[in-house]
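The structure under discussion appears below in the form of structure tokens.
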Amino acid sequence: MKKRESGGLVYSTEQGRMCPDCRNPAEACTCREQPAPAGDGVVRVSRETKGRKGKGVTIVTGIPLAGAELKAYAKKLKARCGTGGTVKDNAIEIQGDQRDILVPILQEQGWTVKRVGG
């Protein structure tokens, strides 16, 4: 097991706490941001009930956004559907079967959208 080098600046009186990985101020840290997942360019909309005690959720995967942008877009989609939901593993989960509402909204963004499953 490799031991991590700890020769970086950890705190500075000028800029406050520093990130030990990218050596930027903690507010401007760039190493924790995840890039948008490189997919095949297709946004998939599916319905799933597994592990939810029979309750169905609509899952949207393949959206070329990451981090805060994805969460903000998920908030817009939830508001348009009038339901709750969450973002997990770069996929948006929206409560209920909302595929008929979501597909046209996603196509308006110019993305290729496919309905997956029944």
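Computation of the quantities below employed the complete heavy-atom set of this structure, encompassing side-chain atoms and omitting hydrogens, waters and symmetry-equivalent molecules.
- Atoms CG and CZ, from D97 and R47 in turn, are 5.0 Å apart once rounded to the nearest 0.5 Å.
- Note that the NZ atom of K71 and the NZ atom of K75 stand 12.0 Å from one another [nearest 0.5 Å].
- Placement of V87 and W111 within a single hydrophobic cluster is found when ILVMFWY residues are connected by side-chain heavy-atom separations under 4.5 Å, directly or transitively.
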For this session: Would you sort out whether N90 and T61 count as a side-chain contact (heavy atoms from CB on, under 4.5 Å), showing the intermediate values?
Result: CA-CA 7 Å; N90 290 324; T61 57; over 6 Å; no
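- With rounding to the nearest 0.5 angstrom, the CD atom of E48 is 16.0 Å from the NZ atom of K55.
- From I63, atom CD1 reaches atom CZ of R44 across 12.5 Å, with rounding to the nearest 0.5 Å.
- In summary, of the residues considered (V43, T112, V113), a side-chain contact (heavy atoms from CB on, under 4.5 Å) with Q107 occurs for V113 alone.
- If you chain together hydrophobic residues whose side chains sit under 4.5 Å apart, I101 and I92 fall into the same group.
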Exercise. Can you list the steps and then say if R115 with D100 is a salt bridge (charged side-chain N to carboxylate O under 4.0 Å, His left out)?
Worked result: CA-CA 9 Å; R115 285 178 64 126; D100 296 332; 2.7 Å; yes
For this session: Begin with the C-alpha distance, continue with both residues' side-chain angles, and end with the deciding distance and a verdict on side-chain contact (heavy atoms from CB on, under 4.5 Å) for L106 and Y73.
Result: CA-CA 10 Å; L106 295 168; Y73 193 67; 3.6 Å; yes
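- Residues I105 and V57 are members of separate hydrophobic clusters, defined by side-chain heavy-atom contacts under 4.5 angstrom among Ile, Leu, Val, Met, Phe, Trp and Tyr.
- The SG atom of C81 sits 10.5 Å away from atom CD of Q95, with the distance rounded to the nearest 0.5 Å.
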Problem set entry | salt bridge (charged side-chain N to carboxylate O under 4.0 Å, His left out) between E93 and R52, worked out | CA-CA 12 Å; E93 295 182 4; R52 294 178 176 85; 3.2 Å; yes
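- Criterion: ILVMFWY side-chain heavy atoms under 4.5 Å apart, direct or through other members. Under it, L65 and V45 are part of a common hydrophobic cluster.
- Here the CG-CG distance, from L77 to L102, works out to 5.5 Å after rounding to the nearest 0.5 Å.
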Exercise. Between Q98 and T83, does a side-chain contact (heavy atoms from CB on, under 4.5 Å) hold up when you go through it step by step?
Worked result: CA-CA 9 Å; Q98 308 294 334; T83 62; 3.6 Å; yes
